[in-house]
Amino acid sequence: NYRGSTNRGERYQRAIYVDTVDGPGRDIRAALDAVKARGIVVASHDPDLLDRVGAVLELSSLGLRVYGGGYAGYVEQRRIEEAAAVRAISGARSTLERERHDRIVARERARQSASHGAARAHRTNMPKVMRGALERKAQVTAAKRDGVHEQRLEAARAQLERARGA
């Protein structure tokens, strides 16, 4: 029995080997017919043997991947994919760090601008009502700017997660 069980009795064993049209032997026969029609499947860790096959199939947590050519072609393609993944992660990390830095710089600029605006308002004897209106306008603008930076940061985080997942 190709499934490995041998405890089903002599009648079952006979059905597998003798009766290939009906009974439990028919699925074995169907599998053999499929292999004959499509080629042979080899499960091996022997690089010399795998170098002689037409395609290498890799089953991983990401699913089934098919690589054309033998083992050498598979190794080269995996090396290229891994290098691309490392570059993607590195680029995503750089983008995230740049966005964090840009947010810090924007907040510092907004703080300095508010400070300079308050000093200028006192120097020019601006009425308190106008100072308050300008201060609120500056706060709204700073909040919008901060929201834009938060969106950019979130996009950079998502890009990094996608790069790590690939």
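- Taking CD of E58 as the start and CD of Q77 as the end, the distance is 11.0 Å to the nearest 0.5 Å.
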Can you check side chain to side chain contact (heavy atoms under 4.5 Å, CB included) on R131 and H122, steps first, answer last?
CA-CA 9 Å; R131 280 193 311 229; H122 283 292; 3.4 Å; yes
Between R120 and R123, does a side chain to side chain contact (heavy atoms under 4.5 Å, CB included) hold up when you go through it step by step?
CA-CA 5 Å; R120 186 173 42 245; R123 268 195 324 267; 3.7 Å; yes
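- No more than 12 heavy atoms of other residues, nucleotides or ligands lie within 6.0 Å of CZ in R109, so this atom counts as exposed by the packing criterion.
- Between the side chains of Y71 and E76, not a single donor N or O lies within less than 3.5 Å of an accepting N or O.
- Put simply, the side chain of D51 gets close to the backbone of A72: a donor and an acceptor are under 3.5 Å apart.
- How far CD of Q151 is from CD of E154: 10.0 Å, rounded to the nearest 0.5 Å.
- Distance CG/L57 to OH/Y74: 10.5 Å, rounded to 0.5 Å.
- Taking a cutoff of 4.0 Å between a charged side-chain nitrogen and a carboxylate oxygen, K128 and E135 do not qualify as a salt bridge.
- Distance check: L160 CG to E97 CD gives 9.5 Å after rounding to the nearest 0.5 Å.
- To the nearest 0.5 Å, atom CG of residue N125 and atom CE of residue M130 are 12.5 Å apart.
- Atom CD of residue Q139 and atom CZ of residue R136 lie 8.5 Å apart, to the nearest 0.5 angstrom.
- The closest donor-acceptor contact from the side chain of T141 to the backbone of K137 lies under 3.5 Å.
- With sequence neighbours excluded, the residues forming a side chain to side chain contact (heavy atoms under 4.5 Å, CB included) with R107 are R103, D146, E150, listed by chain and number.
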Which pairs of donor and acceptor atoms, one on a side chain in residues 87-96, lie under 3.5 Å apart (sequence neighbours left out)?
from : atom 1 : to  : atom 2 : distance (Å)
S94  : OG     : S90 : O      : 3.1
T95  : OG1    : G91 : O      : 3.0

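- Scanning all heavy atoms of the two residues, the minimum distance from V56 to V53 falls at CG2-CG2, 4.1 Å.
- The pair E82-R79 fails the salt-bridge criterion, with no side-chain N (NZ, NE, NH1 or NH2) lying under 4.0 Å from an Asp/Glu carboxylate O.
- Within the 4.5 Å cutoff, side-chain heavy atoms of V140 are placed close to those of K144.
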Which is it for M126 and L134 under the side chain to side chain contact (heavy atoms under 4.5 Å, CB included) test, yes or no, and what are the steps along the way?
CA-CA 10 Å; M126 185 180 289; L134 290 175; 3.6 Å; yes
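- Between E99 and R157 there is no salt bridge, since no side-chain nitrogen of the basic residue lies less than 4.0 Å from a carboxylate oxygen of the acidic one.
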